[in-house]
Every structure is written in C-alpha cells, then in structure tokens.
Asks: 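The structure's right below; bear with me while I get my questions together.
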Amino acid sequence: MEKLKTFVMGGVHPPENKLAEKQSILRLDPPESVAIPLSQHLGVPAAPVVNKGDEVLAGQLIAKGEAFISANIHASVSGKVAKIDAVIDSSGYRKKAILINTEGDKWTDGIDQDESLVTDYDLDSKEITRRIQDNGVVGMGGATFPSHVKMMVPKGKKAEYLIINGVECEPCLTADHRLMLEKGEEIMVGITLQMKALGVDKAIIGIENNKADALEHLERLAEKYPAISVQGLKVKYPQGAEKQLIKALVNREVPSGKLPIEVGCVVHNVGTSFAVYEAVLKNKPLMERVVTVSGTSVKKPGNFMVRIGTPVITLIEAAGGLPEDTGKVINGGPMMGKALNDLNVPVTKGTSGILIFTEAESKRPPEQNCIRCARCLTICPMGLEPYLLAQLTDKKRLEECEDERIMDCMECGSCLYICPSGKPLLDHIRVGKTRVGKMIRERAG
Amino acid sequence: MAKKESTFLNMVLTLIIVAAAASFTLATVYNLTKAPIERAREAARQEAIGMVLPDFDELQSKRLMPVTGSDSLEFNLAYRDGNLVGIAVATYTGMGYSGRIRAMVGFTPDGEIIDVVPLEHSETPGLGDKIEKGKSDWSNQFRGFDPRVQTLKVRPDGGDIDNITAATITARAYCDAIDRAFQTFKAHHSDIINKENE
Amino acid sequence: MNEILNEITLFSVVSLGAIGGVAAIILFLVAQKFKVIEDPRIDQVEELLPAANCGGCGLAGCRALAEAIVKAESLEGFNCPPGGSDVMQDIAKAMGWEAGETTPMIAVLRCNGTREQAPPKVRYDSAMTCAFAHALFAGEGGCPYGCLGCGDCVLACSFDAMYMDKETGLPVILDDKCVACAACVKECPRNIIEMRKKGKKDRRIFVSCINEEKGGVARKNCKVACIGCGKCLKECKFDAITLENNLAYIDFEKCTLCRKCPPVCPTNAIHELNFPVRKQKPAETVES
Amino acid sequence: MEYIIIIIGAVFVNNIVLAQFLGICPYLGVSAKVSTSIGMSGAVMFVMTLATLVTFLIFNFILVPFNIEYLQTISYILVVASLVQMVEIILKKVSPALYQALGIFLPLIVTNCAILGVTILAVREDYGFNLLEGVVFAIGHALGFALTIILFAGIREHLELMDVPKGMRGAPAALVVAGILALAFMGFANLV
Amino acid sequence: MKVLTVSGSPHFHAEESVSKLMYGVVFSLIPAMLVSFYFFGLAAIVVTLTAVVACMAFEFLIQKYLIKGPLTIFDGSAIITGVLLAFNVPANLPLGLVVIGSAVAIGMGKMTFGGLGKNPFNPALVGRVFLMISFPVQMTTYPQPSVLNVSLTDAVTGPTPLTIIKDGVSRGMPVSELMGQIPDYINLLMGNLGGSAGEISAIAILLGGVYMLIRKIISWHIPVAYLGSAAIFAGIFWLISPEVYPDPLFHLLTGGLMLGAIYMATDYTTSPMSRTGMIIFGIGCGLLTIIIRLFGAYPEGVAFSILIMNAFVPLINRGLKPKRFGEEVKNG
Amino acid sequence: MGQLKNFTKGFVKDNPVFVLLLGLCPALGVTTSAFNGLGMGLATTFVLVSSNIVVSIIKNLIPSKVRIPSYIVVIASFVTITDLVMEAYLPALFESLGLFIPLIVVNCLVMGRAEAFASKNNTWNSIVDGMGMGLGFAFALTVLGGLREILGAGEIFGWSIFAGDGMLVFVLAPGAFIGLGYLVALNNIVKKKMES
Ligand SMILES: Cc1cc2nc3c(=O)[nH]c(=O)nc-3n(C[C@H](O)[C@H](O)[C@H](O)COP(=O)(O)O)c2cc1C
Ligand SMILES: Cc1cc2nc3c(=O)[nH]c(=O)nc-3n(C[C@H](O)[C@H](O)[C@H](O)COP(=O)(O)O)c2cc1C
Ligand SMILES: Cc1cc2nc3c(=O)[nH]c(=O)nc-3n(C[C@H](O)[C@H](O)[C@H](O)COP(=O)(O)O)c2cc1C
Ligand SMILES: Cc1cc2nc3c(=O)[nH]c(=O)nc-3n(C[C@H](O)[C@H](O)[C@H](O)CO)c2cc1C
Ligand code: SF4
Ligand code: SF4
Ligand code: SF4
Ligand code: SF4
Ligand code: FES
C-alpha cells in the first residue's frame, strides 16, 4: 500500500463513533405512504407531472426538472397520489411534496430489478449523461448537486481526474462504507461509466484508513481496472470536502470561489457512482438510498436501503424505535447534518444518516467570551479566521466579511467543534454568508 | 450684518492691522512686565543664595569656567563687613535622570559646604525630586560636608554620600553638580581668596 | 515713557505685521492660483462649523465634516462636539433639511405567539440571533411566520425602545421611546415589525399575525393566529380590511379606530392598543 | 550616531504623546481606524518637519536678533497656520490623490499642540540644536507620533469588536489603553 | 412527544473548554510554585495566595456590581492572573501592594475592557508594571533564596544577578569579574538565585511548558521565537564585547525571561492569532527584552517588552493573516 | 436665553474635558497637582473670556477668509500676555506649567468657542459662554489634578492625606491617562443619572 495522504491545512479529529460499520445494508419494505419533496437537489425544484388521485408505479417520473440545474423525481413506491401539498421537510419549513399512499410494490417496466452485475455496455458519453439525467441522479455526498450537470465540462476546461469520494469523513455515518463493501463491483462499473461520460482516463478513489476493509476490497477490485486507482487517506475531518480531497489526492488547490474543474478535477461520491451504475445499466431511477441510523442509545444501529419519501420515524422504528432519552435527531452526519424538529420528515436523496443523540449529547456547551486561543483559525481547513468572521457578522461589517473571504467557508463546522469557549461561530458565519451573498447579488444588480 | 468682503486688499490689510495691533499690545505688556520678571528672577536667585550662605551685606558675582563641562559657573562672593563669609556657586550637571539639574552650592571660604539647594530640575516627582528640601531631608547631609576630606560621590560609587533609594541616578548627578562647583572653586581658590586680600 | 514704548515695540510691530502681511499675500496668491472648484455648499457648511479642527467628529477636521455632511445629504450620525447641537441645527436650516411635520409613526409587533398561545414544541439551542434561527427552522412554536424571540430587533434599536419580555418570549415596543427609525423593521428576518401611524392617543388596531398558512395549519401552532376567516372584513364599515393569502390586514390610513372588528375575531388575532377597557367583555378565550 | 540618538530619544524615550502629552486631541480623535491614523501620521510628519525648519529660521534670524523672543508663540502659530493652509491648497490642486491620503488631515494639524510644541522645543537652549539637529528632532517626534497613533488605532479597532462594557466604551477605554501603553513605554526609560 | 433540540451543525463538540485549559495552565505552574515555596518559604505562599484570592475577589466584585454580567470567576483565568502576578513580584512584597497590584491587574488590565478575552494587554503584567513604577523601592528589594524559610519578614535581601551585572557594568566593571558574585549556571537553572517569587527556576518553568505543549494548551511558536531571538540578540552583543555584555545563557536563565516566554507571552488573549504572527511577536519580545536589559534604565525588560508587543498584536493580526486555502495556487 | 444654563453646562453636561475631550494636552500635562490644574484652568479661562470678548467685538470687521488667522492672532496675544504676566508675578506656577502656557493657543476649546460662539453672539453672551466653558475646564483640571495628587503623593493642595509615598504612577504620564479615563467614565455615569 502506498503512503497515506491527507490535506495539509487545518482539520480536526472528532470521535468516529462508527457504530453501524459492521451492519450490512438491510432493505426495508416500502412504507405505507411516502412524501416526496419536489426539491431534493440543489437548484430549481422539479415541476410535478402527476395530479392528485393519479395511480403511479414505482420508478415512474412524477416531477420533471426542467431548468439547467434541476433533477427529475420519480415515485419510489406504487400507489395513488394522495395530494400535492406542503409538508415539513428537513429544512424545518413546509415545502411542496407529492404524497403517495402505497399500494403493492409494482415497478415500471424497463427497470432491471435483477441484482446481477452488468459490466458490458456500449454507450457513448452523451447517452450515459442522458440516462443519468433522466433517472434523476444527484450527488449522494450531501450537496445533492444534479450529477448530469457535473458531467458537462464547461467549454475551455478539461477534466483530467475523476475523483471518487469514499472518504465518509463524517463521524457516525457508515452508509458509504457499507456500500463500498457490498456493492464494490457495481461502483467500479459506475466509475467507468462516469469516466466515459467525462472523457477522462484517470480516476482515483480516496478512502480514509478507518475503513481498512473497504480500502482493501476496492484495491483488490481495482486491479482489474488499470485506469482506476485507490488511495488510502489519513483520518482527518473534513477530508471528504471536495477541495480538501483534491488537495490530498492530487495536491492541487481549487482557487477561492472556483469549481474543481478549474484544476481539472470532478468529484463524485461513491454512492453517486453506484446510482450512476443503476441508472445507466439497470435503468433504475434514484428512488432509494442507503441511510445509516445510529446513536449511542439506539437499540439496533444499522444501514438501511430505503425508499425516498419514507418518514424518518419509520426508519427509526426499524432501528429499534426512538430511545427514551432522545434529545436530538439529526438528518446527516454530526458535523454537517441538520437537527430535525419533526420526525415525520421524509428521507430524501441527500439523506445519508439519521442520528439519534441523547439529551446529554445534544446540549451545546454554554457560550463564553472568545479567549482568542486561535484554535478556530488554526483548524479551519479553508484558512479563514472564524472568530473574526463571526464578530464582523455580529457588527454587520459585511464588506470586511467579504474581504476576509467569508464566502469561502464551506460550513464544515470544525471551528464550532473545536472552540473551547463554545462560541456558536458557524451559526454567525452562516448568517454572515447569507448577508454577504445578498450584498454581492445586489451589487451585481 | 455687513460682513467685510474677502477681497485681496481687505484680507491683507486686516491681517496686517490685526497683527500690528496685537504686537503693539504685546510689546506694551512685555515692556511693562520686563522689570517684574527680572525682579522675580533676581529674587529667586537671591533667595537661593540666602539659603546657602550666612548673612552678608555685599555680593560680588563673576563667572568662571569649570574644570569639566562646557558652561561657566556663576560664583557669588558674599561679604560681611568686608570679609568674605562664603561663596555661593550656581552649578549644573547633565547627568540627571531627565535632563539638566541646576543647583546653588554654598561654600565657606575654606571650601566646606554650607548648604545646597536645587534651582531647577525635572527629576521624577516622588523619586528624583527628593533632592528638594521640602520633599525629603536627604540633601541635609551636605550641610557641613567637607569635600576636602570626604568624597563627593554616592556610596555605591565609593563616596561618602548616602543614596536616594531607587533614585541613584539623581543622587549621583547631584553629587556631580556639587563636585563640579567644588573642583572649580578649588582650582580658582587662591584666586578668589587673593582677591579678597587685595 | 520709553520704558514702555521703545524699539522693542517698533521691532515687534514691524516684524509681526510683516509676517502677517506676507502670510496673507502668499495665502491669497496661492489660493488664487490653485483654486479647485467644489460644491459651494461645502463652503457654506464649513462656514457654520466652529473651525476648531479638533477632530472631535472623528473626521479630519471641519472641512472634512462639511464634505461628509454635504455628501451624505443628511446630518444623521454626524456630531460636532465643540459646536454642539446649535451648529447642527444651523446647518440643517441652511441646507433646508429641516424635517417637515410628518404623521408620527411607531413600530408595532405583528405577532402574538407568546409561549402560552404558541407553545414551544422543540428547543432551540444555537446562537441567540433571529437571523440564524430563521435560517434553521420554523421556530420553537412551529409557526414559520412567527416571532423567533431571540431579540435581533431589540439589539438593533438604538433608542432603548424595545425589550424582550422573558415571560412571553416576545419583544415589547415602548410607545414613549420609539422614534420610528425603523431599524427594527429592517432587522427582523421575518418582517414581523411594521411601521404604523401612531394613532390618536396612541391608539392602534391591527392584525397581530402575519401567518399566510391555511387556517387549520396556522391554528395548530398558535391559538391566536389569523385564520383568514374574513369575519372582520364583513364587520368593517370603512373598507379598511383586506384579506389575502389567508391573512387579514388592516390599513391604518383607512381604519378609524371604531373598535368593531376586534370582538368578532374568533382567534383574537386583532390587537387593540391603549384603549380603555371594554364595558362588557365579549365572548373570548381568556388571555393572560 | 548623534542623529540616531535624537531619533530614538524622541520616538521611544520622550514619546511626544505618551510622555510629553502633546497632540492628544488628534491622538484620540483620528485614531478610530488604522487607515486614517496612517494618513494623519504622514501629514504630521510632513508639517512637523517643514514647520520646524521655517520656525527655526524665524527664531534665529528674526526673533533673536531683534530681541523679541517673547513673540515666539504668536509668530509661530501664524507661520504654522499659513504654512499648513498653503500646503493644503497646493496639494489639493497638484496631487488630488496625495491630498486624499494626507491633505485632508492638514487642517487638524494647525490646532495641534504637537506641531507648536515641537517647534518651540526644538529651539530650547538645553538642547542647543543646530538647524539639522532641530529638523531631525522634529522628524523623530513625528515618527514617535506615528508609531503611537498607529498602534493605538490598531487597539481601538480591536476593541471595536469586543463589546467593551457600556460605561467604558469609547473615550474611557481608549484613555486607559493610552495609559497602559504609556506604562509599557516607560520600559524605554533612559535608553539613550 | 419528546421535546427535540434544534440547533445548527455541528452537533459534536470537542472536550476542551475554557476552564479546562485554564486549570491546565494552573496545574502546569505547580513545579514553579513548589520551587518558589522551597526557596522563599512561607512568604511566597502567602503572597501567592493573597494575589489569587484578591484577583478572584476583584473580578467577582466588578462583575457583580459594575458590569453586572455573568460571573466567571471560576473559569480559572483570574487564578492564573493571580499566580503570575505573585510570580512577578518579590516574595516579600508587602501584602497591601500585592492587593493593589491585583486590583490593577484585574480592574484595569482586564475588566475595564469587559473581562476574559477582551483585554488588549496582559493583566498580570499590567499589574506588575504598575507596581514597578509606583513602588520602585519595594519592587526592587528582592529576598535571597533561603531554603524553607518560615518567617514572613526577615528575609535577607540582595540584588538579583541582572542587577549585579547592570550596576557593575554601569560602573565600568568587566562582566567576567561580576560573574563571580553570581550563582553558577546549575544553580541558576534550579532556581537558587534572587529574583521575583516565581521566575527563579528555569527548569521548573520549562517542565510546565512541556506539559502545556503536550496537552496542546500552547503551541511552540511564541516561546521558541522569544527565547531563540533573545539568545541570538544577546549572543550578537556578547560576541562583540563579552566584557560588557553577558552571554546568552545567562540571559536565558536569569530574570523573568523563561516565565515570560512560556507563560506570559503565550497568553491567548494578548498574543497574535496566526502562526507567523506568533513568531514575529516572539521575535519582537526577544529583541526588546535584550535592548531594555542591555541599554535601558531597568535591569529587567521582560514585562515591558511583552506589554509593548501586546500593543502590536492588533496590527500583527491585521497584517499577518493565515494562508487562505486556494489563495496562491501552486498546482503540481 | 438661559444664561445660567449656558454657564453651568460646562461643568458636567458639556464639560470640555470629560465630555467634549478638548484641550486634553494641558489636561494631562499639567495636572500633577490640583493647584497646577487650577492654575492652568484659570489661565485658560482668562484667555478664553478675553478672546471671546475681542472676537465678539471685531467679528464684523473681519473678512471671512482671514478670520481664522485673525482669531488666532487675537488668541495668541492673550496667551502671550498670560505668559508674561505669570512669569512676572507667579514665577513658581509659571515654572511648573512650562510649555503648556504657550500651548493654550492651540487648545481647540479656545479656538472652538471663539469661532462657534463669540463670532456669532454679542459680547455679554460670549463672556458668559467663555466663563462657563473656562471654569468647566478649570473644574476638570482641578479634579484630575486632585485625583492624581491624592493617589500619587497622598496630598491635596499640599495637605497631607495619608502618610508615606503614594502610587508614583499617578504623578507620571500613565497615571494622567488612566485617571482621566476613569473620570470620563464617571462623568458619563453622573451625566446619565442627571438626565434621567
Ligand atoms: C452554482 C453551482 C454550479 C455548479 N456547476 C458545476 C459545473 O458546472 N460542473 C461541475 O462539475 N460541478 C458543478 N457544481 C458542483 C460543485 O462542484 C460541487 O460538486 C457541488 O456543489 C457539491 O459539492 P459539496 O458537497 O462539496 O458542496 C456546481 C455547484 C454549484 C453550487
Ligand atoms: C465539510 C464537508 C464534508 C464533506 N464530506 C464528505 C464525505 O465525507 N463524503 C462525501 O462523499 N462527500 C462529502 N462532502 C461533499 C463533497 O464535497 C462533494 O460535494 C461530493 O463528494 C461530490 O460528490 P457528489 O456530487 O457525488 O455528492 C463533504 C462536503 C463538505 C463541505
Ligand atoms: C518613570 C521613572 C522615573 C524615574 N525617575 C528617576 C529619577 O528621577 N531619578 C532617578 O535617579 N531614578 C529614577 N528612576 C529610576 C531609575 O530608572 C533607576 O531604576 C534607578 O535610578 C536605579 O537606582 P537604584 O539603584 O537606587 O535603584 C525612574 C524610573 C522610572 C520608571
Ligand atoms: C497559556 C495561557 C497563558 C496565560 N497567561 C496569562 C498571563 O500571563 N497573565 C494573565 O493575567 N493571564 C494569563 N492567562 C489567563 C487569561 O488568558 C488572561 O487572564 C486573559 O488575558 C484574560 O482575558 C493565561 C492563560 C493561558 C491559557
Ligand atoms: S465552518 Fe467555515 S470557518 Fe469554520 S472551520 Fe469550516 S470552513 Fe472554516
Ligand atoms: S476557537 Fe473559540 S475561543 Fe478560540 S479563538 Fe476561535 S472563537 Fe475564540
Ligand atoms: S428600532 Fe426604531 S422603530 Fe424600532 S422600536 Fe426602536 S426606535 Fe422604534
Ligand atoms: S420580531 Fe423579528 S427580530 Fe424581533 S425577536 Fe421576533 S423574530 Fe426576532
Ligand atoms: S490640546 Fe488638542 S492637541 Fe493638544
């Protein structure tokens, strides 16, 4: 094995708590009803193409992403459209969603439900991208950016590397880990598809070495694919963030405010590669995904393959029910996930985990004065000064925030994690980012 | 209100007139206060001399170059009934903590110190200003000090003068000033005494 | 006499007169030669300032202040310590910026979702700023329109005209201190605070809710939400009330403060301020 | 070496603001921002040097020969005031950029004890400076002013972000900072 | 239903907290404290206790009655200030002055600006310099070490090594001769020399420093830059004229240099944030310390130089930003 | 209009030193004792009142472009008069105020009042204004001088308050800043109390 790599600037080491890493992926039955939000991706929400009362099949297109950055949405169960209404989603607000009452589990024709591996294909780049788009594949790494858009390299830029993000640097989460172990072959094929679509001849899979088994497994599989290499990485949060991952793997720095393609890289999550495989070779839309359910007092932590739109509470039941001492339920990882204020919110394409914290674990430390210990600025992987950004935001000095590059903050949360005085740094920075963003837009006209 | 226009002539004339009027007034005040200022200065000098010398009825002043230093010292020879009773020397030193210290030293015709008072100094209040009579009795040790047999230096430097605690620099400087007066006196001693004899 | 008038006098008068004259001539010539044309109002304002050039205003001297004032076209935020408020008034007069008589306005809080009316369903544990809470979720009470209670508005008020009521979790606006600067209006991420006419004897009637959700949904979170039933609309004889997006709104220009609408509101969403207590209480839920 | 000693003495040991209390008004008034304090420093440096040069000549070639030293204050202030105004007018026309950076601070300087104080000090007999030494003395003091006001502006910008308690906010905290700075500068005592 | 907590991400928080850090520093000060008690006896204990109690009391009173903010006296920072103040004064300083020093340190140095984290200058040093200038006599009357002295009053006083050198050199004596009056380097290292209560033992302070480094309470940048630059500057002068300027090791082992470099220049609140800033800060402190020691009126310059550099911190923080990610793109 | 108010505002509400922060150099430089502070304050008051009188009389004779230089000359004259008279009749005070007497010329307070008040008001009002501001200045300097004297030397106006040495800092430069800082804070509090 090669020497482990990592990024140089900043980073933290939160406790890993990967309780569910040994639990293989368990497929759950379709729930009684699902609520499928129209906005599960970054960009413009999709427009519904079904009406209340319509019968739909699992895998059927129910909302179309028409804008350039948008994605199609498919029914994840078969049944009747109960209504199209606003439901509370993980944002904490009511958003438009299509509610379907499940009847049976009938799939549309053309989806290859066979589990067997397909490796041969004869498709050109356009066709691959089209299938990805049709089947509503979005990034599974968290940002849910429509994947087909990433396949279209802008004019004048050239992609050199496809980087596959198998880092899963978030503590507690194990979905990608399990997927790599159990669907390694499919992921490899998915990667070849992505490479073809992008027109690159090199792909690197980055995996942190706390997933030694997955690392080894993929390394073995990669022997068959000379274009794909697997690189072990030292454990450090947020290695999974694309800029940090690119730095770690190919030692290139994406310039401030620019996309990875600027340095010839495109980053995809391993889950995305799997979804691409299914979409392109099995014609299966993105209608289910792996979700880790975990937490120190959860009875049966596990990784579940669930239909999009399943209420979170159903998932929690599957893991043994909501523990008595629950204080907080998080959608996503402990570092970047969102705390839920309602347990009926649906699982979406971006839901990588549901974490249940006890009362004790959910309390933030009390806030004290910043003692200027410089920890936040030392660990900020973007080289920012979080304490300063938070103070400037507080004082509404937005121009200075911009000069201090507040917009470079990727909200990784390392600063808030490390701060000994319990300053809610990231909370303030987020407010600042919103305001600076607005200011920049206004200035642009 | 008819303010004056700002024309060239107006401006220049106004300024000239104002300046001239002001300077005229000032000159008058200056001339009026010149004598009192002189008197105040003289009074201060007389007072200082009085403090370091016994009673006298006649004073002769002359300036002598010191053995070391660039400025001359003022020697005030005090007579009583025609006899020299003491010499008050206005001396200085540049070694003070904050700049120059000037002092008046009174000697007996033999060279023994009668008393010393500071004339001007900017030593730190509370530290160096202990050389002043009102602030501490440190300088009383110069009364009757005989520099011919004792050394005009602070004890840490091997002399016979007690230190001012935490203000060695000032004490050292003060000794330097007195020593300058003494050395000059010594150098011109016969001269001065002789004059008396004439 | 020549004790007093002597050559010193002569020298003095001549030298100083010369220095003064030369200075004046040079200044005049230089000023002529290097003239720069600027907004004449700057000179006008500068004229009024004390010319102490003390820097007390935080700017580089009186002219700098004059320039800043003319540029800003207002006196807000400027202060001249040696001149004091007299000077500022003079400037306002000279520039013709004297505030005309306007109808007095005041800020009102259009949310009555107290802890009691809109009981908290979750616990908020992040930075105490509404701006962030708003970005994070709908609010402890669940109403996505309601007051978040972190008090951004209170901090924004520089006149101490607001405070946070710990009991209700809502900010309170003090009639006699609010100067209608609208800082709080701008600050509130949920746009709950509105500037309204102060009203006769400080009396005001308004719908204390901005929730546009359907009645049932709104009501589930908050007992005093406007459910858009339209009863008040029918009651108002002056066409002051409109209903849009499940929400009634009372136009303060048209409202005559007749007090007919508040009793008919089934949820008590209409608020009346500074009225004498009603004789007989209309049927209503008891408010604390 | 002599000049270096004059400068070190003026900048650190007898700092014009912290030890001699001259120019306190602009020190407190124009120190809210580092950028303005730099501009002010530049202007002070320029005027202080020029004013010392001119007043030195006036003192030694007009006031002393005619025995009218008592007119020192009045003639100095006239000269400094006109000088500053002249420089300002010229600068505004000749170099608007420089005017924006330095010139706008010029009016502040007329009523600034620092300039008048240094011009008066520069001809004090204890120093016995010649013209060049006098000018170096002025430059040293201007540097001292610049150093302190820029440091001070930095601290005030920092305090701006710090939510100082209400009663101490603004001038009181600034004065205490100046006091502590003066305490710290006492460490340079007797350096030269 | 359970009441869920909603909060922004992240939902994990590191174990470190302000009070843990502060008590870590207090803990690391124990060796130096023990040495101080050993050499200066009961007097050192009493002075240390007085300073700590007075600092906490003043912080409490000011928070309670003047600022009316939350009470934070148990976060440990006032304890550090107290201990370090006591370490910076002669062990036989009259207790009244210790109390005045604590009042100045906490009241003027810290609470004036709003308390923990807001002060631009190191509180303990503000207190010390205030005392130094106000009470020069008492503050320069140092007891000589005498093992386990239980008397509070009659310690033998005498000059510190730095004073011996300063005085001697100013009287024109060569350093080599003066060195005879000074304990040898082993004793200097152990702390058997005259000086302020807690600054004497270089080895005990280094021990505490290593502990803080291991626990990641401080980073190496400031101490190394400070000690290194002081040694280098002292070395340059020493090489030029060894009979006028003592050698670098002497400088490192005497006076408050060790204590200053490891405990007082590293105070988070009053030192720069970025790594390069820290190094510049340390170098500035080192240079100033040596300049004051060699050329100034005071034999010791650590307190002054740290305070002066404290004043530079905002400018350093402004000028020396951390390197931003993606700032200068060097791809390869 | 409210002559009394005009007169008293200089003490707390608009105190030139504590509130307006004008004339700080003398306020810091000479206040090593209450007596020096008082002396400086009175000297400044004299200059302030006299120049206010003259300016209010000649205000209409001066073209606006040269009014500043003219006023400066007027003020400088009174300063020089003060300087000369003081040297003649109060030599001790003259010694301790030193450089700061000529510097009254550049005291922003004097120029400011001449320009802002005297050049727009009649003579009587200008006198009252000058008196009020000047005495407010003297008040501030005396208080600060007193504070520094008590803390620094244990004396006030030369009377001993406590035995032994005071805190030297207060006699020296830092003490001036620190003392003024806390006095300004105190004045803010008093002012607020008076307003409410
Ligand atoms: C406005 C926007 C435009 C984007 N355009 C492209 C693109 O043209 N090509 C591409 O490969 N990725 C594009 N991306 C995707 C980003 O590179 C990135 O993968 C995505 O934002 C998710 O990354 P994250 O999870 O690190 O935030 C775009 C993202 C945004 C927000
Ligand atoms: C702080 C941070 C941490 C992230 N961690 C991971 C991670 O552990 N695994 C991952 O796949 N993506 C992670 N991402 C998202 C990646 O930046 C990137 O968007 C993603 O790998 C792109 O792939 P996708 O578009 O297929 O999701 C993280 C993003 C951020 C900002
Ligand atoms: C602000 C200040 C003012 C001082 N003023 C004087 C002074 O006027 N005279 C003096 O001899 N020492 C003064 N010193 C003390 C000297 O710096 C030096 O420490 C002292 O003279 C050494 O004397 P010692 O050996 O008696 O302690 C002052 C120190 C400081 C900090
Ligand atoms: C490593 C470290 C060093 C410290 N050094 C000092 C110090 O020298 N003086 C002091 O008063 N407080 C010190 N403190 C305590 C605290 O940070 C200090 O009082 C703050 O300046 C108060 O805002 C220190 C704390 C830490 C963690
Ligand atoms: S959240 Fe932003 S500021 Fe904080 S460490 Fe991450 S990138 Fe830096
Ligand atoms: S980590 Fe926290 S305490 Fe440390 S500097 Fe950053 S905000 Fe301040
Ligand atoms: S911010 Fe302005 S409008 Fe709002 S309450 Fe305060 S004074 Fe009134
Ligand atoms: S009114 Fe708006 S700003 Fe004020 S507390 Fe409520 S939500 Fe926050
Ligand atoms: S009095 Fe204003 S600068 Fe000195």
Side-chain angles (χ1 to χ4, degrees), chain E residues 54 58 61-63 65-69 85 88-89 93-115 118-141 296-298 303-304 306-308 310-311, chain F residues 12 15 17-19 21 24 27-34 36-37 140 143-156 158 160-196:
Chain E
F58 283 116
L61 292 175
I62 293 172
Q63 268 172 343
Y65 296 106
L66 291 176
I67 300 183
K68 305 204 171 80
L85 179 65
N88 264 297
V89 300
L93 192 70
L95 295 185
L97 301 193
V98 177
V99 173
I100 292 179
S102 311
V104 170
I106 294 291
M108 189 168 102
K110 185 173 173 191
M111 303 316 283
T112 291
F113 305 99
K118 298 184 177 175
N119 46 315
F121 296 97
N122 188 323
L125 289 179
V126 171
R128 176 205 149 101
V129 168
F130 186 97
L131 287 177
M132 185 75 200
I133 307 244
S134 286
F135 307 101
V137 180
Q138 295 89 327
M139 284 292 288
T140 47
T141 315
Y298 290 96
F304 291 108
I306 296 177
L307 279 181
I308 291 166
N310 283 166
Chain F
V12 175
N15 187 291
V17 175
F18 296 150
V19 180
L21 301 174
L24 291 184
L28 295 166
V30 305
T31 50
T32 44
S33 72
N36 284 355
V143 171
L144 181 57
L147 178 81
R148 290 179 64 187
E149 199 179 349
I150 293 175
L151 292 175
E155 300 177 338
I156 175 88
S160 181
I161 303 278
F162 55 83
D165 292 341
M167 291 181 253
L168 255 187
V169 187
F170 284 97
V171 187
L172 304 172
F177 287 106
I178 294 164
L180 182 59
Y182 287 111
L183 282 180
V184 171
L186 187 71
N187 192 73
N188 282 348
I189 295 169
V190 172
K191 201 174 122 193
K192 212 162 199 177
K193 282 254 162 69
M194 274 169 51
E195 273 165 12
S196 64

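Quick note on labels: first sequence line is chain A, next is B, and so on, each numbered from 1.
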Asks: With a 4.5 angstrom heavy-atom cut-off, which part of E:F130 approaches chain F: side chain, backbone, both or neither?
Replies: both
Asks: Answer yes or no: is there a side-chain heavy-atom contact under 4.5 Å between E:P136 and F:L168?
Replies: yes
Asks: Could you go through the side chain to side chain contact (heavy atoms under 4.5 Å, CB included) check for E:F135 and E:I100 one step at a time?
Replies: CA-CA 11 Å; E:F135 307 101; E:I100 292 179; 4.2 Å; yes
Asks: Could you report the tightest heavy-atom contact between E:V98 and E:L93, atom names first, then the distance?
Replies: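 That would be CG2-CD2, 3.9 Å.
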Asks: Kindly write out the residues that satisfy ring pair (Phe, Tyr, Trp, His ring centres under 6.0 Å) with E:F113, not counting sequence neighbours, or none if the list is empty.
Replies: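 None.
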Asks: Taking every heavy-atom pair that is under 4.5 Å apart, which of F:I178, F:V171, F:V169 has the most such pairs with chain E?
Replies: F:V169
Asks: So for E:M108, is it side chain, backbone, both, or neither that comes closer than 4.5 Å to the heavy atoms of chain F?
Replies: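 Interface part for E:M108: both.
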Asks: Holding to side chain to side chain contact (heavy atoms under 4.5 Å, CB included), I want the full list of residues that pass it with F:L151, two or more places apart in sequence or in another chain.
Replies: F:L147, F:M167, F:F170
Asks: For E:I67, check side chain to side chain contact (heavy atoms under 4.5 Å, CB included) against everything at least two apart and list the hits.
Replies: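 Here the qualifying residues are D:P165, E:I62, E:M111.
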Asks: For E:F121 and E:I306, what are the C-alpha separation, side-chain angles and deciding distance, and is it a side chain to side chain contact (heavy atoms under 4.5 Å, CB included)?
Replies: CA-CA 9 Å; E:F121 296 97; E:I306 296 177; over 6 Å; no
Asks: Put together the list of donor-acceptor pairs under 3.5 Å connecting chain F with chain E, please.
Replies:
{"residue": "F:L168", "atom": "N", "partner": "E:S134", "partner atom": "O", "Å": "3.4"}
{"residue": "F:V169", "atom": "N", "partner": "E:S134", "partner atom": "OG", "Å": "3.3"}
{"residue": "F:Y182", "atom": "OH", "partner": "E:T112", "partner atom": "OG1", "Å": "2.5"}

Asks: Tell me, do F:V17 and F:L24 make a side-chain contact under 4.5 Å, heavy atoms counted?
Replies: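 Counting from C-beta outward, F:V17 and F:L24 do come under 4.5 Å.
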Asks: Which bit of E:L97 comes within less than 4.5 Å of chain F, counting heavy atoms only: side chain, backbone, both or neither?
Replies: neither
